[in-house]
2 protein chains.
Amino acid sequence: MARAGLTADRLTQAAAELADEVGFENVTVSALARHFGVKDASLYSHIRNAHDLRVRLAVLALAELADRVSDALAGRSGKDALVAFANAYRRYAHEHPGRYTATQMALDPDTAATSAAGKHAEMTRAILRGYDLWEPDQTDAVRFLHSTFHGYVSLERAGAFHSHPRGVEASWLRALDALDSLLRAWPS
Amino acid sequence: MARAGLTADRLTQAAAELADEVGFENVTVSALARHFGVKDASLYSHIRNAHDLRVRLAVLALAELADRVSDALAGRSGKDALVAFANAYRRYAHEHPGRYTATQMALDPDTAATSAAGKHAEMTRAILRGYDLWEPDQTDAVRFLHSTFHGYVSLERAGAFHSHPRGVEASWLRALDALDSLLRAWPS
DNA sequence: TAGGCTTGCCTAGAGGTCCTAGGCAAATGA
DNA sequence: TCATTTGCCTAGGACCTCTAGGCAAGCCTA
């Protein structure tokens with residue numbers, strides 16, 4: 001029998017695709033094994049357990065998201081940067097729902113430090129260079145921005161905005177306007 | 001043998017307590033059956049399946065949260081109302097993490113309409129009475145508020161704010177100030 | 001190129017969760 | 001009191017997780 005050539009990285013990559021297809025919570029060791037035409041026991045020499053697999057997936061997604069956002073941010077500042085960041089963030093969540101869900105996993109502090117999780121805050125901070133904000137307002141604003149982006153995207157995906165006819169797109173644009181004017185006049 | 005006296009409501013209530021103890025994702029039919037000293041098959045005459053159980057839990061949590069928030073809102077307006085709403089929302093999430101997670105479940109439109117999910121938007125709208133906002137700005141603002149509250153609370157719980165020493169409490173208060181001033185001068 | 005070593009995927013199997021079908025006994029009420 | 005309903009049971013299948021141990025493919029070294 002030819003070997004399937006599994007590695008932790010290939011498994012993680014396949015898990016990411018699987019997540020987007022069937023949802024993060026359905027990313028299972030057996031499903032992944034089926035995908036490679038392999039017995040599920042075979043995966044346990046590459047990943048420790050199902051949780052480990054999901055953590056790897058989360059780390060992958062965080063890195064991808066950070067890349068996207070970082071690209072979007074390049075060469076922009078002020079409201080331009082804010083809008084580019086926000087749209088890149090939201091687009092990633094829509095294009096890769098399973099991966100995006102993965103980014104919300106609670107990682108242990110060690111993994112979080114190693115992963116791109118910290119890069120997010122750093123990049124959000126980069127947006128603020130176009131505004132006149134200094135510590136500790138900067139941290140407060142970073143948390144505010146992150147909260148609003150994540151909150152909007154996750155409520156949108158959960159269908160929380162379907163009850164009202166007002167377009168989700170229009171509200172999003174207004175939210176970005178609101179954030180911009182808020183950052184311009186951050187209450188101190 | 002004496003009967004355990006199970007009903008869908010008792011199961012849902014117990015599931016809610018279980019969720020807060022062990023996390024929403026660990027609310028399982030078998031765990032619930034163990035809690036009542038009963039075989040898991042016995043629960044299936046009261047609930048359709050595991051998903052049905054979680055939906056009932058979500059509906060319960062949505063109703064509880066709506067009650068809390070509604071109480072907090074009583075007799076207040078303007079920033080007072082905003083702060084009371086936000087704090088009640090956040091407190092519920094902290095006191096009942098499992099239930100709060102349940103409120104984020106994607107409910108089918110039918111269930112969502114019947115449940116208290118719609119009541120949230122309505123109550124958030126009540127906050128805005130103290131501010132000078134009319135449609136469609138009102139809907140945009142409701143979505144914005146909801147996003148920020150949910151985003152903040154869920155990132156906080158996921159540990160996303162631990163990387164920085166700045167107090168989570170302080171940032172929260174500043175976020176409320178920011179929302180207040182944003183609503184006062186909602187960009188149109 | 002023959003031997004040994006490492007490593008990848010295997011089989012076997014235990015334990016957990018979800019759920020259905022069908023049975024018996026407790027509660028209800030005529 | 002006896003029939004009906006209702007509640008919890010046993011049995012069992014399907015799927016997921018994970019461990020232990022085995023065999024053979026591919027890699028080294030001589």
Side-chain angles (χ1 to χ4, degrees), chain A residues 1-60 97-99 101-102 105-108 111, chain B residues 1-60 97-99 101-102 105-108 111:
Chain A
M1 279 295 293
R3 297 190 179 184
L6 305 180
T7 63
D9 281 349
R10 285 193 66 200
L11 288 176
T12 309
Q13 190 60 46
E17 286 156 24
L18 190 61
D20 289 336
E21 282 165 30
V22 302
F24 179 67
E25 69 284 359
N26 295 320
V27 172
T28 158
V29 175
S30 347
L32 203 54
R34 266 195 302 278
H35 175 265
F36 283 101
V38 148
K39 299 295 170 183
D40 45 355
S42 306
L43 303 195
Y44 287 91
S45 36
H46 303 284
I47 54 168
R48 253 207 305 283
N49 51 38
H51 181 252
D52 177 44
L53 173 66
R54 295 194 180 99
V55 168
R56 285 168 189 272
L57 171 49
V59 170
L60 169 77
R99 286 158 152 104
T101 304
M105 261 194 75
L107 300 177
D108 63 295
T111 315
Chain B
M1 277 294 292
R3 296 190 180 182
L6 304 181
T7 62
D9 282 349
R10 285 193 66 199
L11 288 177
T12 308
Q13 189 62 45
E17 286 156 25
L18 190 61
D20 289 336
E21 283 165 29
V22 302
F24 179 67
E25 68 283 0
N26 295 319
V27 171
T28 160
V29 176
S30 347
L32 204 54
R34 268 195 300 278
H35 175 265
F36 283 101
V38 149
K39 298 295 168 184
D40 44 356
S42 305
L43 303 195
Y44 288 90
S45 36
H46 303 284
I47 55 166
R48 254 206 306 280
N49 51 37
H51 181 253
D52 177 46
L53 173 66
R54 295 194 180 98
V55 169
R56 284 168 190 272
L57 172 48
V59 170
L60 169 77
R99 286 158 152 103
T101 304
M105 262 195 74
L107 300 177
D108 63 295
T111 315

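Model, not experiment: these values are computed from the prediction. Here is the naming used below: chain letters follow the sequence lines, and residue numbers restart at 1 for every chain.
Closest approach to the A/Asn49 side chain among D/dC18, C/dC9, D/dC8 is made by D/dC18 (side chain taken as heavy atoms from C-beta onward). Of the candidate nucleotides D/dT19, C/dC9, C/dC18, C/dC18 has the atom nearest to the side chain of B/Asp40. Checked against C/dT17, D/dC9, C/dT20, the side chain of B/Lys39 finds its nearest nucleotide in D/dC9. Out of D/dC18, C/dC19, C/dT17, the shortest distance to the side chain of B/Ser30 is found at C/dT17. If you check D/dT17, D/dC9, C/dC18 against the side chain of B/Val38, the one that comes closest is D/dC9.
For the pair B/Phe36 CZ and D/dG7 C1', the computed distance is 14 Å after rounding to whole Å. The interatomic distance linking B/Glu25 (CD) with D/dT17 (P) rounds to 15 Å, in whole Å. Rounded to whole Å, the distance from CZ on A/Arg10 to C1' on C/dG8 is 13 Å. One atom, CZ of B/Arg48, and another, P of C/dC19, lie 11 Å apart when rounded to the nearest Å. Look at CD1 on A/Ile47: it is 14 Å from C1' on D/dT19, rounded to the nearest Å. Whole-Å rounding puts the A/Leu43 CG to D/dT17 C1' distance at 11 Å.
Residue B/Ala41 is classed as a base contact, given a heavy-atom separation below 4.0 Å to a base.
Residue B/Ser42 places at least one side-chain N or O under 4.0 Å from the OP1 or OP2 atom of D/dC9. Of the side-chain N and O atoms in B/Ser45, none sit less than 4.0 angstrom from OP1 or OP2 of D/dT6.
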